[in-house]
Amino acid sequence: MPSYASMAKLVLGAPLVIDARVKTADRVKPQDAPGLAAGRARFYVVADVAALIRGRAGLPAQISFLADIPLDSKGKPPRMKKARLLLFARAIAGQADQVQLTGIDSQRGWSPGLDAMVRGIVKEVLAADAPPEVDGVGNAFSVPGALPGERETQIFVTTRSGAPFSIQVLRRPGEQPRWSVSLGDIVDDSAGAPKKDTLLWYRLACGLPRQLPEASVAGEDPANARAAREDYGLVIRDLGACA
């Protein structure tokens, strides 16, 4: 199974997500396949549409597309005919029965597990409360509490849509640090950190820089700035890598 992050990237970049079965696959001659990467063969594929997982209704029952397929260790392509695929694609203007794959690996062999993952991601992406795309970090500040070792840090996350998005980190004596995410103007400390392999986790793990930018704490007291950087590091470690 591919990682959640790799599939979320494919879903987010594809206006069309299609479950299809290959009817015919004709290999394109190398001289007629400009830009073909080494170790791949280009095919003109005709496929029957089994289901439109994402996209507007009206897709024909049969579509065609070009796909650059990896060759095996002997330089041979896999058997394509009757293969069931998940396609990540976009429509071609004026060509209702043709689609364009969004990338070189935008065709994946179908499996029940992968199908379930992709459908789950599509559902998250299309939800009314879907988290916005993260493009950086704004201001961050840390405020000491009344007790020694107590403090609260707030980190403002910038988004492409301008939607409010913030992270709160709470530290209390004798307790593990706790952080949460607020999607909106109202801070909700009880929301908690996002679960791994969810769209909110993906937005943060794959959208935030690995270190807090110096501009985010410019003008802050050095001790408070250091605390904000420490708490930001805690969030990044908990999120883990964008696999």
Side-chain angles (χ1 to χ4, degrees), residues 1-25 36-43 45-55 59 63-91 99-134 181 183 192-210 235-243:
M1 284 285 288
S3 70
Y4 177 95
S6 65
M7 299 315 297
K9 183 178 180 180
L10 280 177
V11 169
L12 287 164
L16 300 173
V17 179
I18 306 163
D19 177 355
R21 189 176 294 277
V22 175
K23 185 175 182 180
T24 62
L36 181 64
R40 291 184 179 250
R42 184 164 296 170
F43 283 83
V45 183
V46 176
D48 295 323
V49 175
L52 180 60
I53 299 172
R54 182 186 186 187
L59 196 69
I63 57 173
S64 59
F65 57 93
L66 291 172
D68 291 355
I69 305 299
L71 304 176
D72 64 17
S73 58
K74 297 181 180 179
K76 295 182 178 180
R79 178 179 171 82
M80 294 285 291
K81 192 173 181 179
K82 296 184 179 181
R84 188 173 178 183
L85 303 173
L86 288 175
L87 306 174
F88 302 86
R90 61 176 66 91
V99 299
Q100 180 186 37
L101 299 183
T102 56
I104 195 169
D105 289 320
S106 292
Q107 69 285 327
R108 301 290 179 119
W110 186 93
S111 71
L114 185 59
D115 184 88
M117 178 192 286
V118 169
R119 288 177 183 272
I121 295 171
V122 169
K123 185 177 180 180
E124 288 183 280
V125 169
L126 299 181
D129 59 351
E133 183 178 357
V134 170
V181 176
L183 296 173
K195 293 182 179 179
K196 186 175 172 59
D197 291 351
T198 61
L199 186 59
L200 180 55
W201 168 84
Y202 171 81
R203 290 298 200 194
L204 292 168
C206 302
L208 291 175
R210 303 309 292 175
V235 170
I236 295 299
R237 287 193 300 275
D238 280 359
L239 286 168
C242 173

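Since the model is a prediction, treat every value here as computed from it, not as a measurement.
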Minimum heavy-atom separation for [X] and [Y], please, with both atom names.
X      : Y      : answer
Ala47  : Ala20  : CB-CB, 4.0 Å
Ala205 : Leu239 : N-CD1, 4.1 Å
Met80  : Ala25  : CB-CB, 3.5 Å
Pro77  : Leu71  : N-CD2, 3.6 Å
Met7   : Pro2   : SD-CG, 3.5 Å
Leu204 : Pro194 : CD1-CG, 3.9 Å

Query raised in the report: With a 4.5 Å limit on heavy-atom distance, are the side chains of Val11 and Met117 in contact?
Result: no
Query raised in the report: Does a side-chain heavy-atom distance below 4.5 Å link Lys9 with Tyr202?
Result: yes
Report summary line: For Ala193, the side-chain contact (heavy atoms from CB on, under 4.5 Å) test, sequence neighbours excluded, returns Trp179
Query raised in the report: In chain order, what residues pass the side-chain contact (heavy atoms from CB on, under 4.5 Å) check against Asp115, with sequence neighbours excluded?
Result: Asp19, Ile53, Leu86, Trp110, Arg119
Report task. Quick one: list whatever passes side chain to side chain donor-acceptor pair (under 3.5 Å) with Ser111, sequence neighbours left out. Result -> none
What's the spacing between [X] [atom1] and [Y] [atom2] if we round to 0.5 Å?
X      : Y      : atom1 : atom2 : value
Asp197 : Leu200 : CG    : CG    : 12.5 Å
Thr24  : Asp48  : OG1   : CG    : 9.0 Å
Cys206 : Glu133 : SG    : CD    : 11.0 Å
Leu87  : Leu10  : CG    : CG    : 11.0 Å
Phe43  : Ser64  : CZ    : OG    : 15.5 Å
Phe65  : Ile18  : CZ    : CD1   : 8.0 Å

Requested in this report: Look at atom CZ of Arg210 and say whether more than 12 heavy atoms of other residues, nucleotides or ligands are closer to it than 6.0 Å.
Outcome: yes
Query raised in the report: Got a sec, which residues hit salt bridge (Lys or Arg N to Asp or Glu O under 4.0 Å) with Asp238, two or more places apart in sequence or on another chain?
Result: none
Query raised in the report: Going by the side chain to side chain donor-acceptor pair (under 3.5 Å) test, which pairs reach into residues 100-109, not counting sequence neighbours?
Result: Arg40-Asp105, Arg90-Gln100, Thr102-Ser106
Requested in this report: Output every pair passing side chain to side chain donor-acceptor pair (under 3.5 Å) with a member in residues 120-132, not counting sequence neighbours, ordered by first then second residue.
Outcome: Tyr4-Glu124
Query raised in the report: Do any N or O atoms from the side chain of Arg54 and from the backbone of Ala14 form a donor-acceptor pair under 3.5 angstrom?
Result: yes
Query raised in the report: Is a side-chain N or O of Arg21 found less than 3.5 angstrom from the main chain of Lys82, in a donor-acceptor match?
Result: yes
